[in-house]
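Just so we're on the same page: letters track the sequence lines, and every chain starts at 1.
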Amino acid sequence: MPGQKILCVAEKPAIAKAVAGHLAGGRLTTHNVLGSQYVKNYEFTYNFPLWGNCEVTMTSVLGHLTGLDFDSRYKNWRSCPPSQLFEAHTNVTIDQDKKAIAENIAQQARWSKVLFIWTDCDREGEHIGSEVRDQAIKGNSRIQVKRARFSNTEKNHVIQAARSPIDLDERQANAVAARIELDLRIGAAFTRFQTLSLQPLSAKLENQILSYGSCQFPTLGFVVDRYYRVRNFKPETFWLIKVVHKRDNIKVNFNWKRVHLFDRAAVTILFEQCLDSKLAKVTKVQKKPKSKWRPLPLTTVELQMQGSRYLRMNSHEVMAVAEKLYQKGFISYPRTETDQFARDMDLKALVRKQIQHQTWGQYAQSLIDGGFQQPRAGRNNDQAHPPIHPVNHVGPGALDANEKKVYEFVTRRFLACCSEDAKGEATDIEIELVPEVFHAHGLVVLERNYLDVYVYDKWESSQQLPQFKLGETFEPTEANMTDGKTTAPSYLTEPELIGLMDANGIGTDATMAEHIQKIKDRNYVQTRPKAGGGRNQVQEFIPTVLGVALIEGYDDVGLDVSVSKPFLRKEMELKMKAICEGRKSRREVVEESLEQYREVFVKTQRELDALKRSVTKYVVNEGRG
DNA sequence: GCAAGGTC
C-alpha cells in the first residue's frame, strides 16, 4: 500500500494535466480547487525510485503566485517624494485572485513529505518554484523540496524527470527577485516623478499617466529614433548608366555594377567612354541551381513579426488570439523561443491530422505520400516548449475570423517546415562595355514545394532571358544616362519594431506586444496603416508630440546613459546572468543598480527645466502655428 | 494612478 504523500506543483494547469496523465497511467482522480476556475488537483499513486510507492497530488499555480509592492503607507502618490521609492519598504503579497491557489498548496503540503516542483526550467520558472516552496512551508515547515528537470511533456521524458529530482536553483530565483525589485522601484519612482512634475504643464495632460519603464522607454526610443531619421532626411540626386538590349523580342535590362554615383561629372565621363566602346562583350554566363529555404519552426517572436506583417492584426491581437487557440487545444503553447523540433517528436502524425482540411488537406496528404522532410533546425531552444504548431484539426465554423487567420498561419507554417525547399535556376549574365560592367539576372522557379502551402513567401520566375554566349560581342540597343533621388526611410513598422526589441533584449517573447500596446495606451505613439501596403496593411509607428517631447527632454537633460536606449536594460540582463553564475549576489546587484538609477534620477530632477521646456515646446504649444 | 514578468 502507498505510504508517503508527494505534492507536485507545475507552473500552469496544462503541464500538471500532462504530467499527471503520464505518471498515473490512466488511473487518476480529478478534484476541483475551490475558488480557482482553472487549477485542478490530480490524485494517483506512483512509484518513485527515490521515495517508493507514494500517493501523489499533482496541482499547479498560474504563473507567479506573489507580487512585490510598496508598503501601504506609500500607496498615495504624494505620500513621499518619489526618490524615496528607491529605498521604501516593500512587501511580498499574494494577489487576491491567487489566494485560493496558494491556500491549496499550503493545505496539500500539510500531509506531504516532499514538495516536487514542476515549473518551467527557465529563470522565471525557478522563481515561481521558490514562491511555491515558500507557500508549501507555510503549511508544513518540515517538507522536503525537490524540482523536476524537464523540457517537454513527452511521456518518456516526464518519467525520466520523475526518476531524477534535482534541487531548486536559488541563484536563478535570486536573479529574478532582483529584476522584480529593480523594475518596481525604478519604474514607480520615475513614473510618479514625471507625472507629478509634468502633468501640471498643460490641461492636455490631465488624467494622463506619464509612465517610465525599463522596457517601454527603449521601445519608444526606437520609434522616435526612426522618426528623426525620416524627418531629417535630405534627398540626394544620383546618376547612373542603364544598358538595354533587345534579343528574341525580349528586352533585357542590364544594371550597372556600380549601381549609381553621386557625382554627375564622373558618370558623364564614364558614360561617354561606354558610348565610345560601342560593342559590349559577354564576360560571364552562369546558370546555377538556387533554393529558397523553407522557413524555420515557428517561435513567438516570429509569429508576432509575421502576424503583424501578413494578417492585418497587430502583435498584441495576434498573441491574444494565439492564447485562445492554445486554450481550446488547437495549437501548441504559443510562448516559445525554440525553433527546432525534438528528433523524437511524431511530426507526421501532426501532418496527418491536417489531411481532412478542405484548403490545405491535399497538400498535407502529399507530404504523407512522400514529400515529408524533417524540418530545419534553428539555433534556439528554451528547453521548455517546442516550436508553435497545430495540434488538432479544426473544422470550419469553429473559429472566428481572427482565430482562423492565426490558426491558418500556424498550420501553413508548420506544413511548410515539413516540406522541401523551393528549387529554381538562376541565370547571371555579365557584360563589359569598356570601361564599365553591367549584369542581368534571371530566375526560373522549377519546383515550388513549400511555397504552395506557405502563401506568405513570394518567389516568382522573372522574365526569361534570351541566350547569350560567353565571349560574344553585340551592340546594345540602348545605353542611357539617367538620374534619380534617394528616398527617405519609412517609419518603423510593427515587425521591424519587434525585431529591434528582440535583437536588443527588450522584453520577452511573451511581453513585447504588451510593451508596444503600453506606449500606445500612454499616448506616446500612434499607428496607421502604411501607404501602399496593398492587401497586407502593415502598421507603421509615429511618435506623438508627447513621445517626442519626453525623449528629447531626456536627451536635453544630458545623461551619460540614455534612458531611451537599450543599454540600461541590457546591463540589467548581464547582472542577472552574473547572479545566476554566482559572480554577484542579489543584494550587490540591487544596490549597484539602484545607485546607478539614483544618479540618473538626481540629475533629471536637477535638470527638470529641460524636460519641462521640451514638453512645453511640443505639447503645450502644439497647434499654435 | 507607477514596472515587468508569469498565466487564464
Engineer: May I ask you to say what Gln199(A) touches in the nucleic acid, namely base, sugar-phosphate or nothing, with a heavy-atom cut-off under 4.0 Å?
Structural biologist: base

Engineer: Around Lys40(A), counting heavy atoms of other residues, nucleotides and ligands shown, do more than 12 lie under 6.0 Å from its NZ?
Structural biologist: yes

Engineer: Compute the centroid of each ring, for Phe190(A) and then for Phe217(A), and state whether the two points are separated by less than 6.0 Å.
Structural biologist: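 Ring centres of Phe217(A) and Phe190(A) not closer than 6.0 Å.
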
Engineer: Across the strands shown, which category fits Tyr326(A) at heavy-atom distances under 4.0 angstrom: base, sugar-phosphate, nothing?
Structural biologist: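 Sugar-phosphate contact only - Tyr326(A) comes under 4.0 Å of backbone atoms but never of a base.
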
Engineer: What nucleotide among dT7(B), dG6(B), dC2(B) has an atom nearest to a side-chain atom of Lys98(A)?
Structural biologist: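 Given the options dT7(B), dG6(B), dC2(B), the side chain of Lys98(A) is closest to dG6(B).
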
Engineer: Looking at His64(A), I'd like to know whether one of its side-chain N or O atoms comes within less than 4.0 Å of OP1 or OP2 on dA4(B).
Structural biologist: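 It does not, given that no N or O in the side chain of His64(A) lies less than 4.0 Å from OP1 or OP2 of dA4(B).
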
Engineer: What is the distance, to the nearest angstrom, from the NZ atom on Lys12(A) to the P atom on dG5(B)?
Structural biologist: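 From Lys12(A) NZ to dG5(B) P: 16 Å.
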
Engineer: Once you round it to whole Å, what is the distance between P of dG1(B) and NZ of Lys75(A)?
Structural biologist: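 Rounding to the nearest Å, NZ of Lys75(A) and P of dG1(B) are 6 Å apart.
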
Engineer: Does dA3(B) have OP1 or OP2 sitting under 4.0 Å from an N or O in the side chain of Lys518(A)?
Structural biologist: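 Affirmative; the distance criterion is met.
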
Engineer: Rounded to whole Å, how long is the line connecting atom CE of Met572(A) with atom C1' of dA4(B)?
Structural biologist: 9 Å

Engineer: If I take atom CD1 in residue Ile128(A) and atom P in nucleotide dA4(B), what distance separates them, rounded to the nearest angstrom?
Structural biologist: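 Between P of dA4(B) and CD1 of Ile128(A): 18 Å.
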
Engineer: For the pair Arg123(A) and Asp169(A), find out whether any cationic side-chain nitrogen is under 4.0 Å from an anionic carboxylate oxygen.
Structural biologist: no

Engineer: Salt bridge between Arg598(A) and Glu595(A), side-chain N to carboxylate O under 4.0 Å?
Structural biologist: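 Looking at Arg598(A) and Glu595(A), the cut-off is met.
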
Engineer: Identify, between Thr195(A) and Ala510(A), the residue whose nearest nucleotide on DNA chain B lies closer to the 5' end.
Structural biologist: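 Result of the comparison: Thr195(A).
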
Engineer: Just to confirm, is there a sub-4.0 Å distance from OP1 or OP2 of dA3(B) to any side-chain nitrogen or oxygen of Ser214(A)?
Structural biologist: no

Engineer: To the closest 0.5 Å, what do you measure between CG (Leu350(A)) and OG (Ser332(A))?
Structural biologist: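 Leu350(A) CG to Ser332(A) OG: 9.0 Å, rounded to 0.5 Å.
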
Engineer: Measure from CG on Asp509(A) to C1' on dG5(B) and round the result to the nearest Å.
Structural biologist: 11 Å

Engineer: Which one, dG5(B), dC2(B), dG6(B), comes nearest to the side chain of Cys215(A)?
Structural biologist: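 Minimum distance to the Cys215(A) side chain belongs to dG5(B).
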
Engineer: Which part of the nucleic acid, if any, lies within contact of Leu210(A), taking any heavy atom under 4.0 Å across all strands shown: a base, the sugar-phosphate backbone alone, or nothing?
Structural biologist: nothing

Engineer: Would you please confirm or rule out a distance under 4.0 Å between OP1 or OP2 of dG6(B) and any side-chain N or O of Arg179(A)?
Structural biologist: no

Engineer: Taking only side-chain N and O atoms of Arg522(A), does any of them lie within less than 4.0 angstrom of OP1 or OP2 on dA3(B)?
Structural biologist: yes

Engineer: Using a cut-off of strictly less than 4.0 Å, decide whether Thr508(A) has a side-chain nitrogen or oxygen near OP1 or OP2 of dG6(B).
Structural biologist: yes

Engineer: Could you tell me whether the phosphate oxygens of dG1(B), OP1 or OP2, come under 4.0 Å of any side-chain nitrogen or oxygen in Thr191(A)?
Structural biologist: no

Engineer: From C-beta outward on Arg569(A), which listed nucleotide comes closest to its side chain: dG5(B), dG1(B), dT7(B)?
Structural biologist: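 Comparing dG5(B), dG1(B), dT7(B) against the side chain of Arg569(A), the answer is dG5(B).
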
Engineer: Please compare Asp95(A) and Ala188(A) by the position of their nearest nucleotide in DNA chain B and report the one closer to 5'.
Structural biologist: Ala188(A)

Engineer: Using a cut-off of less than 4.0 Å, is there contact between a side-chain N or O of Gln216(A) and OP1 or OP2 of dA4(B)?
Structural biologist: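 Checking Gln216(A) against dA4(B): at least one side-chain N or O falls below 4.0 Å of OP1 or OP2.
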
Engineer: Name the nucleic acid region contacted by Glu11(A), choosing base, sugar-phosphate or nothing; use a 4.0 angstrom heavy-atom cut-off, strictly under.
Structural biologist: sugar-phosphate

Engineer: Determine the contact category for Gly507(A): base if any of its heavy atoms lies under 4.0 Å from a base atom, sugar-phosphate if only primed atoms, P, OP1 or OP2 are that close, otherwise nothing.
Structural biologist: sugar-phosphate

Engineer: Base, sugar-phosphate alone, or nothing: which one does Pro82(A) contact when heavy atoms must sit under 4.0 Å apart?
Structural biologist: nothing

Engineer: Rounded to whole Å, please give me the gap between CD1 in Ile519(A) and C1' in dA3(B).
Structural biologist: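 After rounding, the reported distance stands at 15 Å.
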
Engineer: Under 4.0 angstrom, heavy atoms only, what part of the nucleic acid is Asp120(A) near: base, sugar-phosphate, or nothing?
Structural biologist: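 Sugar-phosphate contact only - Asp120(A) comes under 4.0 Å of backbone atoms but never of a base.
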
Engineer: Strictly distance-based, threshold 3.5 Å: is any side-chain N or O of Asp120(A) a donor or acceptor partner for the main-chain N or O of Asp122(A)?
Structural biologist: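 A pair under 3.5 Å: no.
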
Engineer: Mark this stacking check for Tyr212(A) against dA3(B) as yes or no, applying ring centres under 5.5 Å and ring planes under 30°.
Structural biologist: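 The ring of Tyr212(A) is not stacked on dA3(B).
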
Engineer: From CG of Asp69(A) over to C1' of dG5(B), roughly how many Å is that when rounded to an integer?
Structural biologist: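 That distance rounds to 15 Å.
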
Engineer: Counting any heavy atom closer than 4.0 Å, what does His127(A) reach on the DNA or RNA strands: base, sugar-phosphate only, or nothing?
Structural biologist: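 Since no nucleic acid heavy atom lies under 4.0 Å of His127(A), the category is nothing.
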
Engineer: Does this structure show an ion pair linking Lys575(A) with Glu588(A), if we count only N-O contacts that are shorter than 4.0 Å?
Structural biologist: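 No, no charged N to carboxylate O under 4.0 Å.
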
Engineer: Please report, rounded to the nearest Å, how far the P atom of dC2(B) is from the CG atom of Asp71(A).
Structural biologist: 19 Å

Engineer: Would you please confirm or rule out a distance under 4.0 Å between OP1 or OP2 of dT7(B) and any side-chain N or O of Tyr333(A)?
Structural biologist: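 So the side-chain polar atoms of Tyr333(A) do come within 4.0 Å of the phosphate oxygens OP1 or OP2 of dT7(B), strictly under.
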
